[in-house]
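Counting convention: from 1, in listed order, for ligands and their atoms alike.
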Amino acid sequence: MAAEGPATRRVQVAEHPRLLKLKEMFNSKFGSIPKFYVRAPGRVNIIGEHIDYCGYSVLPMAIEQDMLIAVEPVKTQTLQLANTNPLYTDFSTSANNIQIDKTKPLWHNYFLCGFKGIQEHFGLSSLTGMNCLVDGNIPPSSGLSSSSALVCCAGLVTLTVLGMNLSKVELAEICAKSERYIGTEGGGMDQSISFLAEEGTLLAKYRGLQWDKVLRLEEVQAKLGVSLEEMLQITEDTLHPEPYSPEEVCRCLGISLQELRTQILSPNTQDVLTFKLYQRAKHVYSEAARVLQFKKICEEAPDNMVQLLGELMNQSHASCRDMYECSCPEVDQLVDICRKFGAQGSRLTGAGWGGCTVSIVPADKLPSFLANVHEAYYQRSDQDFTFEKQSLFATKPGGGALVFLEA
Ligand code: GLA
């Protein structure tokens, strides 16, 4: 499956209300009918947070919410982008001069990342233009990867316009790399699941892509040839819980401060004064071990499976909160509320520092769970939940990116 390209499906547009609405809006915007449609889903990460870029497997699943783009290739070299959401303004540029401004996270820049990634992969200098109308229903800024879904969708749009083929894995690699044009330094999980997800399948394992030369924690384990449990003990024995200063790191590595800055630190960590090496390593190795335990429990399916999976999710949250420090008080509160009202496990998901939580809830408890969480978190909070309706929902593993042709 992974070696194949994304599927193309023939559909009766009139039977799909969202496609039909998009087709009509496209017609009133551009005065023509779309040639095809592309969808790419958002994702929720079940377990395995902040370890994909350390070289470890993670367990995301695609959600039903997605980016959907109606497309018409045109004879000129102009790329015209419009969005069904009036908050996102129209954009137009020459297909041969793609400029992505890292300082401005404007919506169209994510499209341009996918477009440019494919353009550069094939070394094309002369591209045809196209008209595109984008319709997204992934709640924005919520940790469900709406931006990566847009990059992936744009990548597949561009590939389809060019009439070229790439496997899902190649597409995921290109889109993960090209999202860096906007300054995102992700580990590739979001783009992989957007292309590789299979409906009804939870397991979408992903090992970090090898495009950077940084020595990752997984490589340390592989070089030592030890288990994750042994790595946790080595972390205990080797590192101290007190934060390291840059000078101490330099002393340990036998390098100068200048070398630390130029050879090891990324541009946005140049001025960091303390490094919690012990806590971060403990999180990564213990989280990687939890992903493997989660997989094993799913495969063995014991009677108390949901309870065991929930416990691992709870441990993951505690580790994200205390060791990786990527939670926040609102997310901690939401996790507590979800557990109180029937979740067997609940944890922050996605990058963190806000965003969203994922809970495992027995199906028979779902209606009361949703009602109680709504009441306890959304109705009682003084915060402004503009997207509240889209913010609390049940989901199952959805399928990956697809091209739709009108039948
Ligand atoms: C972001 C990145 C992913 C992953 C998560 C944290 O979503 O894009 O690659 O690192 O954060 O697990």
Side-chain angles (χ1 to χ4, degrees), residues 40-63 65 67 102 105 109-110 113-114 117 138-153 155 169 171-197 204-212 214 216-218 266 268-269 279-292 294 312-313 315-328 331 335 347-358 400:
R43 62 101 186 94
V44 62
N45 191 18
I46 305 297
I47 196 161
E49 218 61 81
H50 288 286
I51 60 171
D52 57 345
Y53 50 82
C54 300
Y56 285 106
S57 300
V58 293
L59 198 66
M61 72 175 212
I63 53 176
Q65 291 88 332
M67 288 289 166
K102 271 190 183 185
N109 280 332
Y110 291 93
C113 285
I138 309 168
S141 311
S142 63
L144 295 173
S145 240
S146 57
S147 13
S148 297
L150 181 51
V151 175
C152 293
C153 209
V169 170
L171 273 163
E173 288 182 3
I174 293 167
C175 291
K177 211 156 118 189
S178 66
E179 199 171 321
R180 294 179 177 194
Y181 292 131
I182 192 95
T184 313
E185 294 285 335
M189 159 171 81
D190 311 333
Q191 300 80 7
S192 297
I193 192 66
S194 195
F195 283 112
L196 292 158
K205 266 207 321 175
Y206 179 73
R207 288 190 74 90
L209 302 173
Q210 301 285 330
W211 58 70
D212 60 34
V214 178
R216 298 174 303 174
L217 287 173
E218 188 270 343
S266 59
N268 59 350
T269 52
Q279 289 82 351
R280 307 310 187 235
K282 287 274 279 194
H283 168 75
V284 170
Y285 290 126
S286 65
E287 185 75 353
R290 278 186 288 275
V291 172
L292 298 182
F294 199 98
L312 287 173
M313 290 171 73
Q315 288 166 17
S316 167
H317 183 75
S319 182
C320 284
R321 183 190 59 211
D322 303 333
M323 293 289 159
Y324 213 78
E325 295 178 81
C326 60
S327 189
C328 65
V331 164
V335 158
R347 57 178 293 275
L348 75 82
T349 182
W353 296 284
C356 93
T357 64
V358 59

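The protein heavy-atom contact nearest to atom 8 (O) of ligand 1 is D190 OD2, 2.6 Å. The protein non-hydrogen atom at the shortest distance from atom 5 (C) of ligand 1 is M189 CE, 3.7 Å. Protein heavy atom at the shortest distance from atom 12 (O) of ligand 1 is E49 OE2, 2.6 Å.
Heavy-atom minimum distance, G117 versus S178: CA-CB, 3.6 Å. Summarising the geometry of G42 relative to A149, their closest heavy-atom pair is N-CB, 4.2 Å, with the distance given to 0.1 Å. Closest approach of T357 to T349, counting heavy atoms only: C-CG2, 3.9 Å.
Residue G186 approaches ligand 1 through these ligand atoms, each under 4.0 Å from one of its heavy atoms: 2 (C), 8 (O), 9 (O). The atoms of ligand 1 that sit less than 4.0 Å from any heavy atom of A351 are 11 (O). Heavy-atom contacts of R43 reach the following atoms of ligand 1: 7 (O) (cutoff under 4.0 Å). Listed by number with element, the atoms of ligand 1 under 4.0 angstrom from any heavy atom of Y53 are 10 (O). Near D52, meaning under 4.0 Å from any of its heavy atoms, are these atoms of ligand 1: 3 (C), 4 (C), 9 (O), 10 (O). Using a 4.0 Å cut-off to heavy atoms of G188, the atoms of ligand 1 that qualify are 9 (O).
Taking only nitrogen or oxygen atoms, main chain and side chain alike, I51 does not reach within less than 3.5 Å of ligand 1. Residue T184 has no N or O atom closer than 3.5 Å to an N or O atom of ligand 1.
Ligand 1 has no atom lying under 4.0 Å from any heavy atom of E287.
Here OG of S57 is found 7.5 Å from CD1 of I51. Values are rounded to the nearest 0.5 Å. We find the CD1-OG distance between I193 and S148 to be 12.0 Å, quoted to the nearest 0.5 Å. Annotation: the span from Y181 atom OH to K102 atom NZ amounts to 10.5 Å, rounded to 0.5 Å. Taking NE2 of H50 as the reference point, atom CZ of R280 lies at 10.0 Å (rounded to 0.5 Å).
Contact of the F195 side chain with the C175 side chain is registered, since non-hydrogen atoms from C-beta on lie closer than 4.5 Å.
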